[in-house]
Amino acid sequence: MNKPEVLSPAGDRESFLTALRYGADAVYLAGKNFGMRTASKNFSAEELKLACEKAHQLKKKVYLTCNTLPRNADLPQMPDFLRQAEAYGVDAFIIADLGVFEMAKRYAPSVERHISTQGGIINYESALAWYQLGAKRVVLAREMRLEEIAELRSRIPDALEIECFVHGAMCVSFSGRCLISSFMTGRDANRGDCAQPCRWKYHLVEENRPGEFFPVEENEKGTYLYNSRDLCMIEHIPALVKAGVNSLKIEGRAKTYYYTAVTTNAYRHAVDEYFDHRDDPTYRLSPWIREELEKISHRAYSTGFFFGEPGQETESGGYIRHYNAVAVCEESLSDTVAVITQRNKFLVGDTLDILPPDGFSYEVKCLRLTNEEGEEVPSAPHPMQKLWITADRRIPKGSVIRKRNDI
């Protein structure tokens, strides 16, 4: 049983650096074209080059998403896109389209090819077919059960790696292939531009009563029949490892650096802890690791399809938010003083929760704030303001600073 890779998302440079700092083995991201998250900032050519250099300095990997389903008009741009990515040192392409797969072989032959979950791989014959064409890894369809994954693993070569999503938002379409957004808004979900109409509220209208809306509902707020719960497999790392999964993938390229920090930190510790105790039949995940995942914005959690049908979220279409990120520590000057960059408002006297890059969270009290002019201030109200914080405990460099918002 080899230790699986922790694979984290990055929609921009800050999330990328955060993923590396909090223990990701690899990061997946998109360039300005051909990625499935057009809402993210994504990476320019120069940013992609620098990302590869930084990752390789730390012996980490960068996977570039090329997983849209391109139209004819998109294809002339593809050769240069692939060649450039190869020159910059991208470790793998994540690909959904067979034509793009063949182009990647032709124009960037040294780069590994991973088959996206968009490919809908749900059986070993499909995985074998991609392997014979030259794929190094398959990202399995999210609809597979753990027992099916174990069987697939037993019927494919060891050289073909398996990657599975283990955390984050789930789509109600099959392996992300959906037409609802295209029908309703003209935004193509299969080219990274989904408007997420499956998350909207819906009501019925009777043809003889125009203007009268009748809710299709589970409660008085409307219907949430399309709303899938978020995936969370943090307590099932042993089962994933035993099934033969090589890479644990965290969804979330459209999410914030804070989400990346918390999820990467949790799965990094969960994997390492299990491998430190895997010979102990009584091993259970440390509670603090699971509790960390309650500190990010999320929908109700489930284990997806790994152990059967996950069910839908019928009570609320919204997010659960207990904490907000309020700052990032840029420099730790002493046991009590640190330089921070503000992200959300907080006050002198507040109790803050610190998530360091190499440990578990703890609380500090904000005793004093000083601005760049050396003036004491009662609060941090300005986004991206540089401040000096005095606290009753040390705040390590790179830490995410957050505050509970429901007390």
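Keep in mind it's a predicted model, so treat the numbers as computed, not measured.
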*When you measure from the side chain of N371 to the backbone N and O of E373, does any donor-acceptor pair fall under 3.5 Å?*
yes

*asked:* I'd like to check the salt bridge (Lys or Arg N to Asp or Glu O under 4.0 Å) partners of E151; sequence neighbours left out, ordered by chain and number.
replied: R155

_One pair to check against side chain to side chain contact (heavy atoms under 4.5 Å, CB included): F93 and F101. What are the steps and the verdict?_
CA-CA 9 Å; F93 297 123; F101 184 89; over 6 Å; no

*Report yes if some heavy atom in the side chain of N344 is under 4.5 Å from a heavy atom in the side chain of F346; otherwise report no.*
no

*Would you find a donor on one side and an acceptor on the other, under 3.5 Å apart, between the side chain of S302 and the backbone of G304?*
yes

_Residues in salt bridge (Lys or Arg N to Asp or Glu O under 4.0 Å) contact with R145, at least two apart in sequence or another chain_ = E309

*Apply salt bridge (charged side-chain N to carboxylate O under 4.0 Å, His left out) to D272 and K3, showing your working.*
CA-CA 8 Å; D272 292 347; K3 184 181 283 191; 3.1 Å; yes

*Less than 4.5 Å apart, any side-chain heavy atom of R404 and any of H322?*
yes

*Y267 and H167: side-chain donor and acceptor closer than 3.5 Å?*
yes

*Determine whether more than 12 heavy atoms belonging to other residues, nucleotides or ligands lie under 6.0 Å from atom CG of D280.*
yes

*Cation-pi between R142 and F165: NZ/CZ under 6.0 Å from ring centre and within 45° of the ring axis?*
yes

*asked:* Can you confirm if the aromatic rings of F307 and H236 lie within a centre distance of less than 6.0 Å?
replied: yes

*Who passes side chain to side chain donor-acceptor pair (under 3.5 Å) against R368, sequence neighbours left out?*
E376

*Ignoring hydrogens and angles, tell me if any N or O in the side chain of S44 forms a donor-acceptor pair with the backbone of E47 under 3.5 Å.*
yes

*Check the pair L64 / L29 against side chain to side chain contact (heavy atoms under 4.5 Å, CB included), numbers first and verdict last.*
CA-CA 5 Å; L64 182 66; L29 50 80; 3.8 Å; yes

*Mind running side chain to side chain contact (heavy atoms under 4.5 Å, CB included) on I389 and C366 for me, showing each step along the way?*
CA-CA 7 Å; I389 183 173; C366 176; 4.0 Å; yes

_Side chain D91, main chain V62, donor-acceptor under 3.5 Å_ = yes

*Which atom pair, heavy atoms only, marks the closest approach of G252 to P9?*
C-CB, 3.5 Å

*Is the side chain of D74 donor-acceptor paired with the backbone N or O of R71 at a distance under 3.5 Å, no angle test?*
yes

*Checking K249 against Y28: charged group under 6.0 Å from the ring centre and within 45 degrees of the axis?*
yes

*asked:* Tell me whether R290 is salt-bridged to E235, with the criterion being a basic N under 4.0 Å from an acidic carboxylate O.
replied: yes

*What residues, two or more places apart in sequence or in another chain, satisfy side chain to side chain donor-acceptor pair (under 3.5 Å) together with K105?*
E102

_If you compare all heavy atoms of C164 against all heavy atoms of V245, which two are closest, and at what distance to 0.1 Å?_
SG-CG2, 3.9 Å

*Backbone N or O of V6 within a donor-acceptor pair of the D25 side chain at under 3.5 Å?*
yes

*Interatomic spacing from CG in D230 to CD1 in I296 - rounded to 0.5 Å*: 8.0 Å

*Sort out for me which residue in R394, K386, K397 forms a salt bridge (charged side-chain N to carboxylate O under 4.0 Å, His left out) with E331.*
K397

_Spacing of CZ belonging to F306 relative to CG belonging to L231, to within rounding of 0.5 Å_ = 6.0 Å

*Heavy-atom distance under 4.5 Å between the side chains of K403 and D350, does that happen here?*
yes

_If you compare all heavy atoms of P396 against all heavy atoms of P356, which two are closest, and at what distance to 0.1 Å?_
CG-CB, 4.0 Å

*Heavy-atom count around D276 CG within 6.0 Å, excluding the residue itself: above 12?*
yes

*asked:* Can a side-chain donor-acceptor contact be found between E273 and Y283 if the only test is distance below 3.5 angstrom?
replied: yes

Side-chain donor-acceptor pairs under 3.5 Å in residues 119-134, sequence neighbours left out?
unit_1	atom_1	unit_2	atom_2	d
N123	OD1	E125	N	3.1
N123	OD1	S126	N	2.8

*If you round to the nearest 0.5 Å, how far is CD1 of I162 from CG of L160?*
7.0 Å

*pair K365-L352: side-chain heavy atoms closer than 4.5 Å*: no

*Return yes if some donor-acceptor pair links the side-chain N/O of E330 with the main-chain N/O of V339 below 3.5 Å, else return no.*
no

*So which heavy atom on A243 is nearest to which on L146, and how close?*
CB-CD1, 4.0 Å

_Can you see whether R153 engages N246 through a side-chain donor-acceptor pair at a distance of less than 3.5 angstrom?_
yes

*Is there a donor-acceptor contact under 3.5 Å linking the side chains of T351 and E363?*
no

*For the pair S399 (side chain) and I401 (backbone), establish whether a donor and an acceptor sit closer than 3.5 Å, ignoring hydrogens and angles.*
no

*Answer whether the closest heavy-atom distance between the side chains of I94 and C66 falls below 4.5 Å.*
no

*Judged by modelled atom types alone, do R268 and Y22 share a side-chain donor-acceptor pair under 3.5 Å?*
no

*Do Y63 and H114 have ring centres separated by under 6.0 Å?*
yes

*Which heavy atom in E5 sits nearest to a heavy atom in A26, and how many Å separate them?*
OE2-CB, 3.6 Å

_With heavy-atom distances below 4.5 Å as the criterion, would you say the side chains of K136 and R113 are in contact?_
no

*Which atoms form the tightest heavy-atom contact between E292 and S361, and what is the distance?*
OE2-OG, 2.9 Å

*Between L369 and W388, does a side chain to side chain contact (heavy atoms under 4.5 Å, CB included) hold up when you go through it step by step?*
CA-CA 6 Å; L369 288 172; W388 280 254; over 6 Å; no

_Rounded distance (nearest 0.5 Å) linking atom CZ of F16 with atom NZ of K60_ = 10.0 Å

*For atom OH of Y301, is the number of surrounding heavy atoms from other residues, nucleotides or ligands below 6.0 Å larger than 12?*
yes

_Quick check: Y274 with H277 (ring centres under 6.0 Å apart)?_
no

*Other residues, nucleotides, ligands: >12 heavy atoms within 6.0 Å of R13 CZ*: no

*Working to the nearest 0.5 Å, report the span between OH of Y319 and NE2 of H298.*
11.0 Å

*Report the residues that fulfil side chain to side chain donor-acceptor pair (under 3.5 Å) with S8, sequence neighbours left out, ordered by chain and then residue number.*
T264

_For R106, is the CZ atom crowded, meaning more than 12 foreign heavy atoms sit under 6.0 Å from it?_
yes

*L140 vs I149 side-chain heavy atoms within contact, under 4.5 Å*: yes

_Sub-4.5 Å side-chain heavy-atom contact between Y258 and K295_ = yes

*What is the distance from atom OH of Y259 to atom OG1 of T256, rounded to the nearest 0.5 Å?*
9.5 Å

